[in-house]
Q: 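A single structure is presented below for examination.
Residue numbers start from 1 in every chain, and the chains themselves are labelled A, B, ... in the order their sequence lines are given, proteins ahead of strands.
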Number of protein chains: 2
Amino acid sequence: MPTKKPIRKKPQVTAAPARRRELLDTAAEVFAEQGYNATTVRKIADHAGMLAGSLYYHFDSKESMLEEILRSFLDELWGGYDAVLEAESGPRETLEALVTESFREIDRHRAAVAIYQKESKQLVAQERFAFLAESQRKFEKAWLSTLERGVAAQVFRADLDVRLTYRFVRDTVWVAASWYRPGGQHSPEEIARQYLSMVLDGIAVRE
Amino acid sequence: MPTKKPIRKKPQVTAAPARRRELLDTAAEVFAEQGYNATTVRKIADHAGMLAGSLYYHFDSKESMLEEILRSFLDELWGGYDAVLEAESGPRETLEALVTESFREIDRHRAAVAIYQKESKQLVAQERFAFLAESQRKFEKAWLSTLERGVAAQVFRADLDVRLTYRFVRDTVWVAASWYRPGGQHSPEEIARQYLSMVLDGIAVRE
DNA sequence: ATCCTTCCCTAACAAGTGTTTGGTAGGTTA
DNA sequence: TAACCTACCAAACACTTGTTAGGGAAGGAT
């Protein structure tokens, strides 16, 4: 009679996601604050009130935690973006909606956005994080086409380099995650409003 | 007769800075590309064509390399900024000059700017890098006062939150280091011109 | 010819890293 | 009561990390 190997069943993906989410949220906080590489699994465990090894009951690696954090963030992000894009409004309205949606995502996923911002450039090289590259392509396409539609419809200026403008707009929106604190002075909508006012009409006084 | 201790004289700060600068430049490239924590001294040594231990003939720690990279960058940056501020031009001219100078610094110190951008938030906590905090205060003061002067002189809009505007302007300028490549399509001056046009006059078509 | 300086190599160190293995307290199910 | 599952701990593992110590080749100075 062959002795049954006591294969340890780990919950990993299947089991009750309650505790997983909890741990992923604290991990995301530490990742965002200290940087992914500077964050040891022992630090994460400390913040979660357990020991380093215990994390491996829930996840099978530090990297898989990072992957799950970024995946779930991007899933929700594209939920919002796709809804905006499918509305097929005018270019100006689309741009306003995209910006507002972005600041809302920052409000909800501050940590994940900060991580994405800091680490994505190094991560895309690994095939495990190839989905980041795909997301970036979709992202660029959405914003660029909106800007180009606006130029064609003569609601955006034609004398600006569209690609440069895209980069400026994109960066300014997302770096907000580095200083934004939820529950602070400004709501995401208020920040979006001010930002749109600046980008659309400029900060100079008109004569 | 007391045996003379063979104290190893290291060049460190005194000696010919030629090789030092060379090594610091390659270190800065690797730091910028992979992130400070993810960069091992062995990687730096690889890029420099030597072994890890040999780096310690020139520097006394990995951290001191980072410090020297950031220090020399900030020194040169403030050389340019102070010149602009001492000119005491009008607020709009000052803002234009600050932006242009910033893009020039990105052109010259792409790697250092990228490092500063990524790591400064975590570094300021250490007393060794307290000079970063001081630089940030000077930085904020320079930009904020320029914006406020502009609002007072009615050349900048009064209905925008100055602090929010400052953050937007600051971030967009510096994140350019993450995608800018010297010798590319746009010169620093051209990028500055486009950026200023966008920020000052907006991207919307005027009626 | 000797000495000294410069610049690097070889080889190791201790500390910290992500991860694995076996165990176990406590609740749930049979 | 017995078997089982969940969620964690305790202790170690192999490896990488920044750093150090001693040595040596090359070349200029004396």
Q: Round to the nearest Å and state the distance from A:Leu55 atom CG to D:dC8 atom P.
A: 9 Å
Q: Ignoring hydrogens and angles, are the base of C:dG16 and the side chain of A:Arg42 linked by a donor-acceptor pair under 3.5 Å?
A: no
Q: Does A:Tyr57 put a side-chain nitrogen or oxygen below 4.0 Å from OP1 or OP2 of D:dA7?
A: yes
Q: What contact category does A:Ser64 fall into here, base, sugar-phosphate, or nothing, at under 4.0 angstrom with non-hydrogen atoms?
A: nothing
Q: Report the distance from atom OH of B:Tyr56 to atom C1' of D:dG22, rounded to the nearest whole Å.
A: 17 Å
Q: Whole Å only: how far is the NZ atom of A:Lys62 from the C1' atom of C:dT19?
A: 12 Å
Q: Over 60° means perpendicular and under 30° means parallel, so classify the ring planes of A:Phe139 and A:Trp174, tilted if in between.
A: tilted
Q: In whole Å, what is the span from the CE atom of A:Met65 to the C1' atom of C:dT19?
A: 11 Å
Q: Please state how far atom CD in A:Glu22 lies from atom C1' in D:dA7, giving the value in whole angstrom units.
A: 13 Å
Q: Taking only N and O in the side chain of A:His58, is any of them less than 4.0 Å away from OP1 or OP2 of D:dT6?
A: no
Q: Looking at A:Trp143, does the NZ or CZ of A:Arg170 lie under 6.0 angstrom from its six-membered ring centre and within 45 degrees of the ring axis?
A: no
Q: Would you kindly give the CZ-to-P distance between B:Phe59 and D:dG18, to the nearest whole Å?
A: 15 Å
Q: What is the distance, rounded to the nearest whole Å, between atom CG of A:Leu23 and atom P of D:dT6?
A: 16 Å
Q: Respond yes when some side-chain nitrogen or oxygen of B:Arg19 is under 4.0 Å from OP1 or OP2 of C:dC8, and no when none is.
A: yes
Q: For B:Lys43 and A:Gly53, find the nucleotide of DNA chain D closest to each by heavy atoms; which residue's nucleotide sits nearer the 5' end?
A: A:Gly53
Q: Checking all strands, does B:Ser54 fall into the base, sugar-phosphate, or nothing category for heavy-atom contacts under 4.0 angstrom?
A: base
Q: Who are the side chain to side chain contact (heavy atoms under 4.5 Å, CB included) partners of A:Asn37, not counting sequence neighbours?
A: A:Glu119, A:Gln122, B:Asn37, B:Ala38
Q: Establish, for the pair B:Lys62 and B:Phe31, whether the NZ or CZ atom is under 6.0 angstrom from the six-membered ring centre and no further than 45 degrees off its axis.
A: no
Q: Give the rounded distance in Å between these two atoms: CG of B:Asn37 and C1' of C:dG18.
A: 16 Å
Q: For A:Tyr81 and A:Trp78, take the angle between the two ring planes, folded into 0 to 90°, and tell me which bin it lands in: parallel under 30, tilted 30 to 60, perpendicular over 60.
A: perpendicular
Q: Both A:Thr40 and B:Leu51 contact DNA chain C. Which one's nearest nucleotide lies toward the 5' end?
A: B:Leu51
